[in-house]
Amino acid sequence: MEPQSRSRQRRQRIDIIAAWSRTGILQERDRLLIEEQFAERVARAESRFFVPLPPAFSDDPWYNTQVSFLLEALDALPRRPDIAFDSVWKVLEKSADAWAPARAGRRLTITDALGHLSADPRLSGPVAEALLGDVPSQTCGYLFKRLISRNPPASSERAVKRLMNGYGAGDALPAEIKAFLALVEKKYAASDTDTARRGAALIRRALTGETLDIEGTRVALSLPARIRILLCGLLYTARNERYHGESFSPFYSSAASIKTYTHPHYLFLAAYALVHLLWGHSGHAYAPALDAVEENTVVNLREARALYARHWTG
């Protein structure tokens, strides 16, 4: 974006808050251009945007706390899928914590809980395959920057470290992921935009489980390795960057486009599906049927594709 346009957007952000300082925030603010464009796209698209699973009724206090955050997430849609992701992440974190076994009388950290969770064979099924089979290109670009280009350095270092850590005896996933990342980094070491785009496209194919030929080496990531990249490399990294204010609020950026929406939308979809997958395996009375979770995941990916069209994969 041209410096003049960037400066104009910066002024708009300031002016919105300045106007509210005079009137209070009950008056609806002027939308930014990208917000208008997105609202128009949602209005004319043949998409329901998102279809939640019907929750079971239960008086369980823990469950009702989590349902409150799911409702909070849905209230943020369609305008703010990034905030919807933040809310569903709370449920995913609590669900992963409840799933993880205690160690010496204490709960695991969320980092360890997610690491153990990614290797649990109960997650390696059609829901995970559906999520990993349709990752938007914007999200793959995000992964390429964090895991290959190592940008921004601090967040990227933490993301790679989570993938390289072993979680329990016999955990072979770090070695598998490390070997894959080394191959990608060797092939796409240049820092230009075209190289990054091609590298992101390769990551997208790898996440589907496709067997790739990278510089003469044939490699296909196992489903547990791909789930770990999803949980520990993508979702947790995105959550941390947002929580700690390390990334720009996406739709207020001067560089925002319709494609920008695909990334937080996918983060939300993935976290929502994984929450219900964990609940489906919980054995509780409120647990959804696993085939319903799978069907709902496929439906919501299809709705997202219908909304974003070429922006999802382009």
Side-chain angles (χ1 to χ4, degrees), residues 38 41-42 45-53 73 77-78 81-82 84-85 88-89 92 118 123-148 177 180 184 196-212 219-239 250 257-278 280 288 290-314:
F38 183 69
R41 189 177 193 88
V42 171
E46 295 182 3
S47 167
R48 293 172 291 177
F49 195 84
F50 180 78
V51 183
L53 268 171
L77 298 174
D82 56 328
F85 166 63
V88 174
W89 173 267
L92 179 59
S118 64
L123 264 67
S124 293
V127 172
E129 288 282 19
L131 290 171
L132 291 161
D134 202 5
V135 184
S137 59
Q138 186 85 349
T139 299
C140 295
Y142 174 91
L143 278 172
F144 184 85
K145 286 182 180 179
R146 299 311 185 272
L147 304 182
I148 305 300
I177 295 170
F180 168 72
V184 178
R197 185 174 60 251
R198 289 185 288 111
L202 184 137
I203 286 177
R204 189 172 197 274
R205 292 167 59 197
L207 290 175
T208 69
E210 179 182 342
T211 299
L212 304 170
V219 58
L221 287 172
S222 66
L223 183 51
R226 291 181 280 139
I227 293 172
R228 181 161 297 176
I229 291 173
L230 174 65
L231 274 172
C232 304
L234 173 61
L235 297 180
Y236 195 27
T237 302
R239 174 269 178 192
S257 66
I258 294 298
K259 191 173 182 178
T260 304
Y261 281 84
T262 64
H263 178 56
H265 193 145
Y266 178 79
L267 298 178
F268 162 72
L269 285 183
Y272 184 91
L274 291 170
V275 162
H276 288 82
L277 180 59
L278 294 183
L290 292 174
D291 58 351
V293 178
E294 178 189 355
E295 181 181 357
N296 182 256
T297 302
V298 171
V299 164
N300 283 317
L301 286 167
R302 188 183 303 130
E303 294 292 337
R305 280 288 211 116
L307 174 65
Y308 296 107
R310 62 182 175 82
H311 300 285
W312 190 263
T313 55

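Just so you know, these numbers use all the heavy atoms, side chains as well, and skip hydrogens, waters and symmetry mates. Along the sequence shown, residues carry numbers from 1.
- Proximity of I227 to S124: side-chain heavy atoms (C-beta onward) are separated by under 4.5 Å at one or more points.
- A distance of 9.5 Å separates CG of L123 from CG of L230, quoted to the nearest 0.5 Å.
- Closest non-hydrogen pair, L223 versus G125, comes out as CD2-N, 3.8 Å.
- Between the K259 side chain and the G314 main chain, a donor and an acceptor come within less than 3.5 Å of each other.
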Could you list the donor-acceptor pairs under 3.5 angstrom formed between side-chain atoms of residues 290-298 and any protein atom two or more places apart in sequence or on another chain?
from, atom 1, to, atom 2, distance (Å)
N296, OD1, N300, ND2, 3.1
N296, ND2, V51, O, 2.8
T297, OG1, V293, O, 2.8

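- A heavy-atom distance below 4.5 Å is not found between the side chains of V127 and H276.
- Under the rule for a side chain to side chain donor-acceptor pair (under 3.5 Å), T208 has no partner lying at least two apart in sequence or in another chain.
- In this structure, R41 has no salt bridge (charged side-chain N to carboxylate O under 4.0 Å, His left out) partners at least two apart in sequence or on a different chain.
- Remark: H265 pairs with Y308 by the side chain to side chain donor-acceptor pair (under 3.5 Å) rule, at least two apart or across chains.
- Partners of R146 under the salt bridge (charged side-chain N to carboxylate O under 4.0 Å, His left out) rule, at least two apart in sequence or in another chain, are E241.
- Judged as a side chain to side chain contact (heavy atoms under 4.5 Å, CB included), and not counting sequence neighbours, the contacts of S47 are A45, E303, A306, L307.
- Put simply, the side chain of T139 never gets that close to the backbone of V135: no donor and acceptor are under 3.5 Å apart.
- Partners of A225 under the side chain to side chain contact (heavy atoms under 4.5 Å, CB included) rule, at least two apart in sequence or in another chain, are L173, E176, I177, L221, S222.
- Every residue two or more places apart in sequence or in another chain was checked for a side chain to side chain donor-acceptor pair (under 3.5 Å) with R239, and none qualifies.
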Side chain to side chain contact (heavy atoms under 4.5 Å, CB included) between L234 and L267: does it pass, once the steps are laid out? CA-CA 8 Å; L234 173 61; L267 298 178; 3.8 Å; yes

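- Residues passing the ring pair (Phe, Tyr, Trp, His ring centres under 6.0 Å) test with Y266: none are found, sequence neighbours excluded.
- Side-chain polar atoms of T262 and H311 form no donor-acceptor pair below 3.5 angstrom.
- Take R205 and apply the salt bridge (charged side-chain N to carboxylate O under 4.0 Å, His left out) test, not counting sequence neighbours, and it matches E210.
- Among all heavy-atom pairs drawn from F144 and A200, the shortest one is CD1-N, 3.8 Å.
- Considering CG of L202 and CG of L212, their distance stands at 5.0 Å, rounded to 0.5 Å.
- Within the structure, salt bridge (charged side-chain N to carboxylate O under 4.0 Å, His left out) contacts touching residues 219-228 (residues at least two apart or in different chains) are E129-R226, D171-R228.
- Taking every heavy atom of both residues into account, C140 and L207 meet most closely at SG-CD1, 4.4 Å.
- Between P81 and Y261 the shortest side-chain heavy-atom distance falls below 4.5 Å.
- To the nearest 0.5 Å, atoms CZ (F85) and CG (L235) are separated by 5.5 Å.
- One finds the CD1 atom of I203 at 6.0 Å from the CG atom of L147 (value rounded to the nearest 0.5 Å).
- The environment of R48 atom CZ is sparse: at most 12 non-hydrogen atoms of other residues, nucleotides or ligands sit within 6.0 angstrom.
- Counting all heavy atoms, side chain and backbone alike, T211 lies closest to A220 at OG1-CB, 3.5 Å.
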Please test L131 against L274 for side chain to side chain contact (heavy atoms under 4.5 Å, CB included), starting from the C-alpha separation and ending with a verdict. CA-CA 9 Å; L131 290 171; L274 291 170; 4.2 Å; yes

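- A pairwise comparison of heavy atoms in V42 and P78 identifies CG1-CG, 4.4 Å as the closest pair.
- Of the possible polar contacts, none joining the W89 side chain to the A238 backbone as a donor-acceptor pair under 3.5 Å is found.
- Judged as a ring pair (Phe, Tyr, Trp, His ring centres under 6.0 Å), and not counting sequence neighbours, the contacts of F50 are F268, Y272.
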